[in-house]
Amino acid sequence: MRPKRRKPGRRGSALTALSTLVLLADDGRAFAQGSNTSRELPPIEVGGGETTPRKKPVASRRIGKPSPDGHRTFLDSAGTRASEARSVASGAKGQPGMASEITVSGEEINARPFARPGEALEAVPGLVVTQHSGEGKGNQYFLRGYNLDHGTDLAITVDGVPVNMRTHAHGQGYADLNWLIPETIAAVDVRKGPYFADDGDFASVGSVHVGLIDRTRGLAQVSVGSFGYRRLLGMVSAKLGDGALLVAGEVGTYNGPWDNPDNVRKLNGLVRYSQGSATDGVSVTGMAYSNTWNSTDQVPQRAITSGFLDRFGSEDPSDGGNTNRFALSGRIAQSDDLGSWKANAYVVKSQLDLFNNFTYFLNDPVLGDQFHQHDDRLMAGANASRTLNGSFAGLPMQTTVGLQSRYDAIALALTSTFQRGFLANIRSDKVGEGSVGVYAENTVRWTDWLRTTVGWRGDYYSADVTSRFNASNTGRADAALGSPKFRMVLGPFHQTEFFVGAGYGMHSNDARGATTTEDPSDPATRLTPSPLLVRTKGAEVGVRSRIVPGLDSSLSIFMLDQDSEILFSGDAGDTSATRASRRYGFEWTNHYRPRSWIDIDAHLAMTHARFRGYDSEQAEVYTSLAGYPEAQIGNAPGNYIPNAPAMVASAGITLGEKTGWFGTLRWRYLASSPLTEDNAFRSSAISIFNGRLGYRIDNGWRLQLDVLNLLDTKANQISYAYGSLLKTDTLYNLCAAGTAPASVCQNGVMDYVLHPVEPLTFRLTIAGSF
């Protein structure tokens, strides 16, 4: 999470673009519902929990006919094979309700070279995953013109357990995936937009549901690489009674190219028992994870330009953190003559300690601005849904009703520190936050070429906040929102379908912001509490076609509005509400498989993002900084949304069969983006190539070499623009002497602040299956 500028606005924009639509697509096969003239709803497609994948001729990885025995098939990006079945007790997988809705197999994800676990999600078209700090901190996500910080408005679940943390010490919706073992991913279901009734908090821009494998061949894997990278992975499963027991574990270390080594020490484990199939089964999963690290946070460009810091240097080498996570979850699903039902429950105990210094000597000219964020929580929840098959006026109909609940018991603290040593308390809180969501969806197939889904979701949130140091910030907040949803699918017409969606959504805000009335750093300053829930609304039209043999192509045009973009600033201990915003754009996604040993994909997403209305408060800030251009630049009022990417593009090719030589080349591009509301600062475009070359033999052994940042590009993982002070700044001396205005000293020197991409990196892996 980047620091919040005290008054200047925090987001910026993108550019507008539309493109010519060319309908490309399929190998002559129909979509999952095919071109049959039956008036029945789409059949349920599930995996049977088998341990041995089944071969299938060339077909699409994402939409395919059911195989003769009723198993849904996905293609491994490294060869033609049916993927692992859907996770046991995950429930039936329906047909896509929007053109942007896809399922990506675990095999396809693991065929990609990536630097850290969270980057596995870049298999989601249009999603960029970066890191601006140490390897134990949650990633930064970008999707559909949003800088989603560490997860706000992107809902992520793993095996039905939510990853996003509400009322978190470092940022609302904080979604850390460093504990995920990529090799245990069976499939990822992706949705975008607020059109699905069973997706609630944080899902307005999109949702990513990760399913885990239930069985595997034994695997022993060793990886070594540049900058002290070491990883040991082991997985094995065995028959246990009528089900299977899966055990997986990894140990990892990494220093990185930084002058101050990351010194990552990571330990991770998973135990899972499953029995049955996706629609008639039960599974129980336990996870444990621990990590400790140093971090090189973003540094000001002026320090690098002047030679004060190396490009991989750190202003505060004592930054870093430690974290742990322990989780137990269970799922059950059953089908009957009336339809099906499923339920899951979970409990997660997690802890995080972060030490960061983003503004250097802006607030404390002697000891610096390092702060410690502490989050200790117990999260528990349960969900259940029932699907009934029926008819309406003789037309096939399906109705789903569901209940979702969650409670977080959270201990939070924010303190000032020096080299991780305690200096002063800023705030400390106990928070109990619970929610209940109810939803219903009804789907009717009106004709062979028309089906509609109408849904509604209601959410109720309640939070109790106890502030240890300021009773005025103690309080209770509650809120409720109702969200209607609508989707319509037309087709197929010559292997082409058209989609329309519209709906309301929401995201929760930090509960502390909803009860805070006094600035924790300055009790004399009164603050206006923020709303606990924020409304979003969106609409989308799309088309998916498979006319061209082997090619699956889709185009979606979308719009998404937010009533306000509100950020809880963990380093300041308060909240700031920005204006309403609007984003619109398109996504064009293509996957082409002309032969069993060739897999090609290419994706393009463009977004126009702007705040709405005029920011008069920002205009006052700009005026107060007059006479000091180093502080005033970038603070003029404007409607650009900082870090809102105008364009994201990616492409890749994978070659090879299940045995023999194989290789992958991938490219990811993130266009230049505004970093301040007035567009005075803009990030540089980022273009990165990653590659993989390897050899597999039929006895299960594999040797592969991953090359990250193949062209050794000098780019930045992420860039910001905000005010800070270094002891080498002229303004630092003026502020220390008391000759500069207070508003100028509170703002500091506006500058680019960046975290570089790691240079050319090699990672060699040897793996054996048994």
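These values consider heavy atoms only, across backbone and side chains, with no hydrogens, waters or symmetry-generated copies.
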Any chance the side chains of [X] and [Y] put a donor and an acceptor closer than 3.5 Å?
X: Q398; Y: N442; result: no
X: S100; Y: E540; result: yes
X: S340; Y: S335; result: no
X: H507; Y: S204; result: no
X: R331; Y: S274; result: no
X: S508; Y: D201; result: yes

Do other residues, nucleotides or ligands put more than 12 heavy atoms under 6.0 Å from [X] [atom1]?
X: F469; atom1: CZ; value: yes
X: K537; atom1: NZ; value: no
X: R116; atom1: CZ; value: yes

Looking at side-chain heavy atoms only, is the closest gap between [X] and [Y] below 4.5 Å?
X: T323; Y: D353; answer: no
X: V271; Y: L246; answer: no
X: V431; Y: V465; answer: yes
X: R457; Y: V438; answer: no
X: M488; Y: R451; answer: no
X: T184; Y: M235; answer: yes

Atom of L240, atom of L245 and distance for their closest heavy-atom approach |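 Taking every non-hydrogen atom into account, CD2-CB, 4.2 Å.
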Quick one: do E183 and L233 satisfy side chain to side chain contact (heavy atoms under 4.5 Å, CB included)? Show the steps, please.
-> CA-CA 9 Å; E183 290 83 356; L233 169 68; 3.4 Å; yes
Should the pair D198-R191 be classified as a salt bridge under the 4.0 Å nitrogen-to-oxygen rule?
->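 A salt bridge is present here (some side-chain N lies under 4.0 Å from a carboxylate O).
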State plainly whether the residues D189 and R86 are in salt-bridge range, i.e. N to O under 4.0 Å.
->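 So D189 pairs with R86 through a salt bridge.
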Between D478 and R476, is a salt bridge (Lys or Arg N to Asp or Glu O under 4.0 Å) present by the stated rule, with each step listed?
-> CA-CA 7 Å; D478 60 331; R476 177 183 175 87; 5.3 Å; no
Under the side chain to side chain contact (heavy atoms under 4.5 Å, CB included) rule, what do W179 and V158 come out as? Steps first, then yes or no, please.
-> CA-CA 11 Å; W179 50 266; V158 175; 3.7 Å; yes
Could you walk me through whether D375 and L354 pass the side chain to side chain contact (heavy atoms under 4.5 Å, CB included) test, one step at a time?
-> CA-CA 9 Å; D375 187 286; L354 274 179; over 6 Å; no
Near-ring test H150/Y174, centroid separation under 6.0 angstrom =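 Ring centroids of Y174 and H150 are less than 6.0 Å from each other.
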Only one of L412, D510, L352 clears side chain to side chain contact (heavy atoms under 4.5 Å, CB included) with H168; which?
->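 Single side chain to side chain contact (heavy atoms under 4.5 Å, CB included) partner of H168 among L412, D510, L352: L352.
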Donor-acceptor pair, K192 side chain versus S556 backbone, under 3.5 Å?
->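 No, because the side chain of K192 does not come within donor-acceptor range (under 3.5 Å) of the backbone of S556.
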Given side chain to side chain contact (heavy atoms under 4.5 Å, CB included), test Q562 with D153 step by step and report yes or no.
-> CA-CA 11 Å; Q562 283 193 324; D153 291 312; 2.8 Å; yes
Any cation-pi pair here, R487 with Y195, using under 6.0 Å and within 45°?
->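 Pair R487/Y195 does not count as cation-pi.
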